[in-house]
Amino acid sequence: MAAPHSVMKFWKPGAEAPGVCEERELNTEPSSTAVIYNPHSALSVEKQRQKLPVFKHRNNILYMVESFQTVVILGETGSGKSTQVPQYLLEAGWAAEGKVIGVTQPRRVAATSVCIAVYIDVAARVAEERGAFLGHEVGYTIRFDDCSDPHATRIKFLTDGMLVREMMADPLLKKYSVLMLDEAHERTLYTDIAIGLLKKIQRKRRDLRVIVASATLDAKKFHDFFNLNESGDPSKDTCGILSVEGRTFPVDVFYTVSPVPDYVKATVETVLKIHEAEEDGDVLAFLTGQEEVEKVVSMLQDQARSLSRHGMKKHLRVLPMYAGLPYSEQLKVFERLPPTVRKVVVATNIAETSITINGIVFVIDCAFVKLRCYNPLTAIESLVVTPISKASASQRAGRGGRNRPGKCFRLYTEEDFEKLPESTVPEMQRSNLAPVILQLKALGIDNVLRFSFLSPPPAQTMVQALELLFALGGLDQYGRLTEPVGVRMAEFPLSPMFAKMLLESGNFGCSKEIITIAAMMQIQNVFVVPSNQKKAAAREHRKFAVAEGDHLTMLNVYEAFVKHQKSSQWCQEHFLNYKGLLRAMTVREQLRRLLNKFKVPRTSSEGDPDVILRCIVSGFFANAARLHHSGSYRTLRDDRELHIHPNSVLYGEKPQKWYFLVVFNEVVQTSRYYMRDVTAVESSWLVELAPHFYKQATMERING
DNA sequence: TCGTAAAGT
């Protein structure tokens with residue numbers, strides 16, 4: 001039998017060709033023990049800290065923070081910068097006189113885990129004198145979890161989104177002496193907002209220090225952005241760059257000899273080739289979505305069974321990994337396996353930044369990723385399979401060098417690698433900006449079009465956002481934030497349409513129900529569909545379905561959940577996402593408090609659906625579509641073709657008079673333009689509730 | 001007629 005994988009041919013470029021880590025010296029220590037204090041080590045905490053690569057740069061870092069307003073630290077994986085730099089600053093007195101050293105992370109888990117690592121260091125050192133408690137000297141603040149003390153905390157970790165929130169209460173961030181933005185190269189929406197705002201704050205607060213911590217890529221861009229020196233004399237620069245080597249192992253990069261027609265098949269073949277020809281070590285393969293992941297997993301599992309039948313000694317354990325996977329399934333990729341088993345993790349981009357799996361030696365990279373992008377002309381978001389950037393490719397390859405030297409198999413030619421863009425387009429340039437613009441206005445940025453963006457978004461996207469905010473009553477005709485509607489809308493941790501709907505709910509007499517609906521709409525995958533029980537799941541889910549649409553269906557699910565004592569078993573029986581529903585409860589509580597603060601009366605519709613639907617229209621009137629005789633829908637605003645998303649309870653319903661007009665939360669483009677979270681409404685409500693938006697003539701055309 | 005990456009307030 002010919003080996004099915006014999007078609008995959010790879011080659012390794014010569015030393016002069018760009019590879020990953022080729023030129024790096026080989027290190028013999030794993031980075032994982034280096035970053036977190038190991039209480040079992042014979043070495044003291046001090047000794048362990050001194051062994052980190054960043055330690056050599058301690059004095060230079062402190063010198064630069066003294067001399068420059070902004071310092072860009074280029075630190076590679078495993079340098080120890082995230083845990084050590086905040087401690088160096090603390091030791092050098094930057095937290096004196098009640099000041100705080102703030103460190104932001106793009107993710108909640110990172111904010112807490114880095115915080116705990118630093119806490120362990122600090123606690124181990126000060127324990128003898130006064131002890132240390134998490135949330136005192138060292139603390140963190142993330143949504144729903146504030147583990148910090150306004151008086152005692154000297155080093156505070158927080159998500160970048162949280163920092164932007166804090167600016168609403170303290171626009172000059174007066175309590176901070178230094179802010180370090182970690183993982184800035186990821187260029188998340190909130191990192192970019194924070195960067196723009198910090199530059200503005202620095203003009204008013206010369207004493208505020210900013211440290212931008214990034215992987216090697218965008219150093220110059222950050223430097224030029226923050227450097228306020230216009231004299232041309234480098235000695236007057238206000239921003240300095242410093243680079244810190246990392247501690248990872250070399251990864252050999254291989255390319256295919258010719259282009260790969262089908263990367264799903266090629267992934268399977270490459271895994272088998274590694275299993276057959278390479279030494280021990282686990283495998284990580286990158287694909288773009290759940291469907292591809294599951295397909296590769298099932299193909300490999302078939303192969304693995306046949307291999308064991310043919311007497312292959314070493315076994316394959318194939319595991320999927322993506323965000324939508326149930327938590328218990330996700331945990332399996334972290335399990336340690338006996339040496340007779342090779343672990344193969346087939347993952348989406350979640351494994352590029354959000355999780356790190358120990359023991360990975362071989363990486364397979366298909367060169368693609370699914371990215372959200374926003375079309376400023378149509379105001380429609382879509383998820384598009386896009387070629388990755390070179391930065392992404394090197395990040396993926398690096399996943400194979402965490403514990404020992406690794407190998408990365410790229411399912412594309414070196415020539416195609418050269419054609420990839422240097423870095424991924426920042427989120428700021430591919431997002432709907434309505435929430436961003438609202439936040440900036442609330443932070444006193446009057447002219448958002450002239451705001452200092454690190455990467456300016458398309459002007460048309462900003463215009464779209466301004467128009468929507470005006471239609472919602474959050475901005476006046478001069479683009480100023482309205483009082484109180486606009487100011488209050490900005491306080492909600494939700495998109496402006498949801499905020500408007502919530503603020504109106506008191507007037508409609510259904511705030512209790514609307515809070516639930518808004519909270520439920522924030523969680524993904526309320527309905528769980530296990531691949532082997534699709535029919536049973538659908539049967540259970542249908543029990544919650546309501547003819548009006550998804551919003552009232554979600555209300556139904558939540559109320560049933562509460563009625564059944566929030567039981568996890570009940571959720572399991574009805575194929576509902578238990579953790580998601582718990583989260584909806586937490587979100588609901590936060591929203592309820594905000595409505596209390598704004599004195600929105602607590603009212604219930606007492607079973608009348610119409611008031612709830614009208615209230616939804618008051619926020620989502622701009623997202624309306626009418627039934628077209630073709631059977632699809634058309635947007636009211638610009639007559640674009642839309643379809644009901646297959647996950648909607650209205651999907652597949654026979655179009656009746658009742659479904660003539662619908663509103664929806666969002667449109668996503670995949671194979672078609674799909675409306676998600678859809679509810680049927682009366683056309684007369686649109687004219688009544690949004691007369692400024694829908695002129696009478698438009699309505700006549702619709703009805704005619 | 002088929003379908004949401006992953007992260008956050």
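Just so it is clear: chains get the letters A, B, ... in the order the sequence lines come, proteins before strands, and each one is counted from 1. Treat the numbers as computed from the prediction; the structure is a model and nothing was measured.
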ask   = Within this structure, what is the CE-to-P distance between A:M521 and B:dG8, rounded to whole angstrom?
value = 22 Å
message = Can you measure A:N432 atom CG to B:dA7 atom P for me and round it to whole angstrom units?
response = 21 Å
request  = Please determine if a side-chain N or O atom of A:T159 lies less than 4.0 Å away from the OP1 or OP2 oxygen of B:dG8.
outcome  = no
request  = Take the protein atom CG of A:D160 and the nucleotide atom P of B:dA7, then report the distance between them rounded to whole Å.
outcome  = 14 Å
Residues forming a ring pair (Phe, Tyr, Trp, His ring centres under 6.0 Å) with A:F620, sequence neighbours excluded = A:F498
message = I want to check something: taking the side chain as every heavy atom from C-beta on, are A:T288 and A:T348 in contact at a cut-off of under 4.5 Å?
response = no
Pairwise side-chain hydrogen bond (donor to acceptor under 3.5 Å, both in side chains) hits with a residue in residues 363-374 of chain A, at least two apart = A:D365-A:R396, A:D365-A:Y412, A:R372-A:E381
task = Find the distance A:M428:CE to B:dA7:P and express it as a whole number of Å.
result = 20 Å
note = A:R430 has its side chain closest, among B:dA5, B:dT9, B:dA6, to B:dA5
inquiry  = If you assign each of A:T141 and A:Y322 to its closest nucleotide in DNA chain B, which residue comes earlier from the 5' end?
reply    = A:Y322
query = For A:E352 and B:dA7, what is the distance between atoms CD and C1' respectively, to the nearest whole Å?
reply = 13 Å
query = Which whole-number value in Å describes the distance from A:L163 CG to B:dA7 C1'?
reply = 17 Å
message = Would A:K579 pass as a cation-pi partner of A:Y327, given that its NZ or CZ must be under 6.0 Å from the six-membered ring centre and within 45 degrees of the axis?
response = yes
query = Please give, in whole Å, the distance from B:dC2 C1' to A:R672 CZ?
reply = 9 Å
ask   = Base, sugar-phosphate, or nothing for A:L383, non-hydrogen atoms under 4.0 angstrom?
value = base
ask   = When we call it a touch if two heavy atoms are under 4.0 Å apart, what does A:T353 touch: a base, just sugar-phosphate, or nothing?
value = nothing
query = Base, sugar-phosphate, or nothing for A:R165, non-hydrogen atoms under 4.0 angstrom?
reply = base
ask   = How about A:Y263 and A:F368: are their ring centroids closer than 6.0 Å?
value = yes
ask   = How long is the line joining CD1 of A:I355 and P of B:dA5, in whole Å?
value = 15 Å
request  = For A:T188, report the nucleic acid contact type (base, sugar-phosphate, nothing); a contact means any heavy atom under 4.0 Å.
outcome  = nothing
query = Using a cut-off of 4.0 Å on non-hydrogen atoms, how would the nucleic acid contact of A:R108 be classed: base, sugar-phosphate, or nothing?
reply = sugar-phosphate
